[in-house]
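Some notes on the structure that comes next.
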Amino acid sequence: MGLVVAFWILAVVGILGALGVVLLRNIFRASLCLVLCFLAVAGIYATLSADFLAGVQVLVYVGAIAVLIILAIMLTREVERGSLSNRLRIPAFLVAVLFLGVVSFAILNSLWSVSALPPLEPTTAALANRLFGEGGFILAVEIAAVLLLAAILGAIVLVREK
Amino acid sequence: MTVALSGKEIATKIEERFPGSVVKSSPDSLVVKSEFLLDVATFLKTTPDLDFDYLTAITAIDYYDRFEVVYQLTSIKHNHSLMVKTHCYGRDNLSLPSVVGLWRGADFQEREIYDLMGISFDGHPNMKRIVLWEGFEGHPLRKDYGT
Amino acid sequence: MILNSSLNSIAYSSTLPPDWPGGFWWHWLLFTVIIIVFALTLVMGFIWIERRGMGRMQARLGPNQAGPFGLLQPVADALKILLKEDIIPAKADRIVHWLAPVVAFAPALMIFAVVPFGDGAMLADLDIGILYVVAIASISAIGIFMAGWGSSNKYSMLGAMRGIASVVSYEIPVVLAIAGVVLVAGSMSLNQIVLAQDIPFILLQPLGFLLFFIGGCAEINRSPFDLMEADSELTAGFHTEYSGMKFAMFYLMEYAEAVAISAIIATLFLGGWRGPLLPPWLWFVLKVIFVFFIMVWTRTTLPRVRIDQLMALAWKFLFPLALINLIVTAIQILVWPDALPWILVPINLAIMALLILLWSKLFKLGWGRVEV
Amino acid sequence: MEVAREHIYSDADLDRVEGNQIEALKAHSQQPFPDPDEWLDEKLERNILLITVDAALNWARRSSLWPAICFPACCAFELIAANASRFDLSRFGMEILRASPRQADLMITAGTLTWKMAPQVRRIYDQMAEPKWVIAMGACAISGGIFTSSYSVVPGYNRIIPIDVYVPGCPPRPEALIYGIRMLHSKIARRSLGTEAK
Amino acid sequence: MKFERYGIGIAKGLRVTIRHLFRHPVTVQYPEQRLNISRRTRGNELIWDKVKCTGCATCAKSCPQGAIQIVTSTSMEENKYEVEQIEVDTGYCISCGLCVEACPFEALYMGYAYERAKYRRGEVVQANEQLLPSPQRQRSGYMYPKIADELPRQTLLIERITEEK
Amino acid sequence: MRDTRYARIMVLKTEPFILNIGPVHPSTHGVFRMRTTLDGEVVVDVEPVFGYLHRGIEKLAEERTYTGVIPLTDRLDYVASMSNNLAYCLAVEKLAGISVPERAEYLRVILAELQRIASHLIAVGAFLNDCGAFFTPFLYMFREREKIVDLFEMVSGQRLLYNYMRIGGFNQDVPDEFLPALDKLLAQMPRFIEEYERLLKENEILLARAKGVGILPKEVAINISASGPVLRASGVKWDIRKKDPYSIYDRFDFDIPTGEVGDCYDRYRVRVEEMRQSLRIINQARRQLPAGEVKSEVPHLVRPPAGEAYAHIEAPKGELGFHLVSDNSIAPYRCHIRAPSLLNLTALRDMAIGWKVADLIIIFGSIDIVMGEIDR
């Protein structure tokens, strides 16, 4: 029961937050709505017993990404007016409708197999095993790490003073 | 001991270089014409055995019939000093050449003289009131202020 | 929100001690009350300790008129601030301005949910305890930023910018330092970490402790990293435009965060509630106060660093050291899983000294004049 | 190295605006504010219930008077001396000098006030949140002191803001200031929620 | 910024502050404890000796402030003025002591007290009887070494420090 | 028009950010405004705006007797009133040809040097406070100053604005308890200076903050007429006490401490060293102090002959000069004050450009200005 109530609250908050991001003119407030949305998603993770994921969601998205977005907004002019409508309005609307269609189609047509097993406790160890254990995704993780390193090096090279 | 150079000796040197520039000279000071002020100042600063590289102070004194602007010059190299004066006649629209280009220490002092005495300095980059506000009536250090 | 849902997930797990009367809800209620009382009392106590301690270190007395030994001074401050007029500047973004203190203050209290006051005596023994702490702590930066933005004041803005920059950079060495501890303890639950500390981890992880202490101080903006409210530069930083109740929340937040960081340090590195003779909670409080006292002490002594030095310290000094510390710890655990801790202690101390010497020699922190 | 770049000087317009502000304030404040001293003659008539509440509140207010930063001149050093180790205003919970006037309760006007400064002081006073008090410290703050006859000095802060306690002296000793602060304490003790509401 | 000294400088500083924690504070808790102020204190009030005063108004003339108002009338008997009104605005007075120095008849003294705060501007002005000496209004030894010798010795901070060391 | 003006100088091409620091700001040491143009946190330009404490002292001096001006001079550099009194009295004595008794000369030196220590204590404390050390050094320094203030209070009866020197000497001799107290102070002071040196002298953070920051090159320092510790920190050995000895300074043996590069740290070091040198001077003067009168015969109303005189001293902040013009009346015809702080302030812009806001604050702190003197 508690879980259901929590889910609905979080879902409503998350969607409201997402709508706020799209609809608010003031970019700063929009970014705050984004934070709210992230938090709601983290909450949903927690209700699904994926507490590690919830923690990481808050740490990475709220603590780092949202903060960086806000920092970027600082460098924007005329924050209160936000982005004004322009000629791309109609194409954008079309793309959005298209995207909505694709997502709905995907959701309606996938076969959702609901597991009867109780959630794993604790999730951290299971995650670690899945990633780094036998038959895990160790190669993918390593590749991701190398990619990130390359990206960092690239960034350093780009911003280095001549 | 800082040697106060005799105004008379310096005056002859200046006269040699700029004839007719010295109005008056006495053992402790000399008075130059305001047209020659900048030339004399440059001369005093750049002549090797004078080397007045340090402008100690600028003062303006209101003598009713004239304003006297006093430059206290010091040479840190030779440790001697000199008092150079110049006169400004009249009460309105007074102006003197600015020495900011030679000694930047004159910056605030000239602005202050402009503010309080009402003598403006040509060539000063930012000639406006310094301690009083824009719109203040008169120049308070003048003797006739407030009477 | 997160707290609630995390708790819900706990309700279905088996970490709850079964002998609690009334089960989960009693536990929840009791510990919520305990946490609020504990946190607020400690906050008051810390304000008093800081003002008195700093006073004594500065050869004066500090508050001693309000109540015995000035103990009621924080109470008076709180009462007074709460009743002061609440001003919202005309140009401010009203909603953001209003919400900012709440967003900043709530996380500081939420951290205590996972801090053990005794064996298992905590609101929620989360498996991801320490991760939860780090995640929650990063939220208050957003509150601070909202305050800086919402006040439409240049000083506030500068302060908030600095705050954000420092939080983003210092999170990394802090998390890496924590990772070392987690490796040694083999768990992220704070209670488990305490239980694993047969000798305090400050001895096993001296470098980790140093990094965490510096990073923690920077993250909560304690001196010498109090750049965002640097009163000699930015009048009062992000809360320049705040008065009354909302300012009170910021003021409390500052100290609540200090309590939180002290509590985390005490838990991670000083053995938490463990100790001989005295009851566990007393040990815990004593250790927290000890850590906070060190903070007061450094605040009294040290000048403030500059913003670029602050960033450089994080990226060029703390970050590589934290990485090396993590690698060294991992190697130690893999290669000598059964090594006696007493042998590792001197080795780790030596490593710490060596690394600091090396980095001091090699790297320049911050830069000088910018050609404009 | 000499900085060769040209200056960015402030706009003449802004200076003129500042000048106009000053002149306007000057024209506006030829008469001193009356001292807020009605409470001295007032009889204590209070609601019994309110008395305890009042007592607690007033205790809190006077135990934590945070001064705002407004230290134009000489007296500032006696104020700092009062705050420093030897006299230690922090005993009264006053060591937190709030740089932001919004968080301050008390303005100690330590020093000469010039007309150029007057609009700023007025602004600080307006920015302070209620309840707020002002102590005029030193002769300059009371009457302009040695500079009364000057062309640029405000003859006393009470031309600009109402003043609660006058501490004469030039500058007053730290003890004299503390005495003034304690007088202010007794004034605060007479406050009442009832009168505040009016 | 290079960490050239490996934190030794910081450690030294920390040592100094922690040592102060165990030293005695220098604070004087004013309302309860009082410092003996200087014997020559120039309290911001004047003390007037009605008997010695001849009403010559030298004090008023030498006051750079014009804070002393003195109204006199010529008295018939003796060649002497009668002081009708003497008024000092302590709100103006800068306690420079020049009036006391100038007084040729030793009729004016600086005050020894300092607790003069008032709630009203008007109360700061002192006149006639208020200027006479009384137990609360002692005379200071400024320019009067004889009075100075009777006053208590000034408390000095240096002496307090040596006791502890 | 405005945009182009800024566009020329912005490197990062960000919005010009104009920040008015002051007039009421915790670190402007009084009422002072720095109109800074920032590029991010980097100072692009800074224009000092002052006058918020302009009280017209020079005008007021024309309306007072020569003795009546002394209280006014107190209020110039109010943390160093004795030095101001000394400079003014020297100027009047030069103008009127008054000589000063031997004992008074020695006492003047002792008091002026004590005042220098007191003023430098505040300067150093405030500088360290601007660096962000949370009041601790400031309070320690203030405690030391308090000891000196005790002595001043003993001789003059006031704690801040002493008004003790008179034309031709002093208004009264120092009390008997002064000399023992002075001896005690002299014995203790070096130890305490050592202690405060330990507090922050080698502190890594302070070194990082102050070393190499706000360099004022020698030539610029001379060109902008800087004086006092600011000039000496730039490496110019110029001290009026040595170069143009007034009073009896030629009888004492002391050094002129100078800096090497002229950064904030050097200015801080020079001040601390000067305190030590001042102690040396006081020690010598104390030993040689003769007995005798402290005031020469000077009429109640001084009436110097018509003429003009300029007397300057090495005040704690630099060269303090009084240019007096007399018209043979009882009041000065014109009294111009050459204020060291005002001219040292010219250096602010040169030193601060290109540094961060935080550096601007400590550079400003290291100049050690007092608004009373700048605005007058």
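Lettering follows sequence order; numbering is per chain, from 1.
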Pair [X] + [Y]: ring centers closer than 6.0 Å:
X       : Y      : value
F52(B)  : H80(B) : yes
F364(F) : F32(F) : yes
Y52(F)  : H54(F) : no

- Message: For the CG atom on N93(B), are there more than 12 heavy atoms of other groups (residues, nucleotides or ligands in this structure) within a distance under 6.0 Å?
- Response: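 Atom CG in N93(B) is not crowded, with 12 or fewer foreign heavy atoms closer than 6.0 Å.
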
- When you look at NZ of K237(F), are more than 12 heavy atoms from neighbouring residues, nucleotides or ligands closer to it than 6.0 Å?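 More than 12 heavy atoms, drawn from other residues, nucleotides or ligands, come within 6.0 Å of this atom.
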
Segment of [X] engaging chain B (4.5 angstrom heavy-atom cut-off):
X       : answer
A347(F) : neither
L342(F) : both
L345(F) : both
E219(F) : neither
Y333(F) : both

So what's closer than 4.5 Å to chain F heavy atoms on [X]: side chain, backbone, both or neither?
X       : result
L116(B) : side chain
D28(B)  : neither
I76(B)  : both
S81(B)  : neither

- Report yes or no: is the cationic atom of R142(B) (NZ for Lys, CZ for Arg) closer than 6.0 Å to the six-membered ring centre of Y145(B), at no more than 45° off its axis?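 Because its charged atom misses either the 6.0 Å distance or the 45° angle limit, R142(B) does not stack over Y145(B).
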
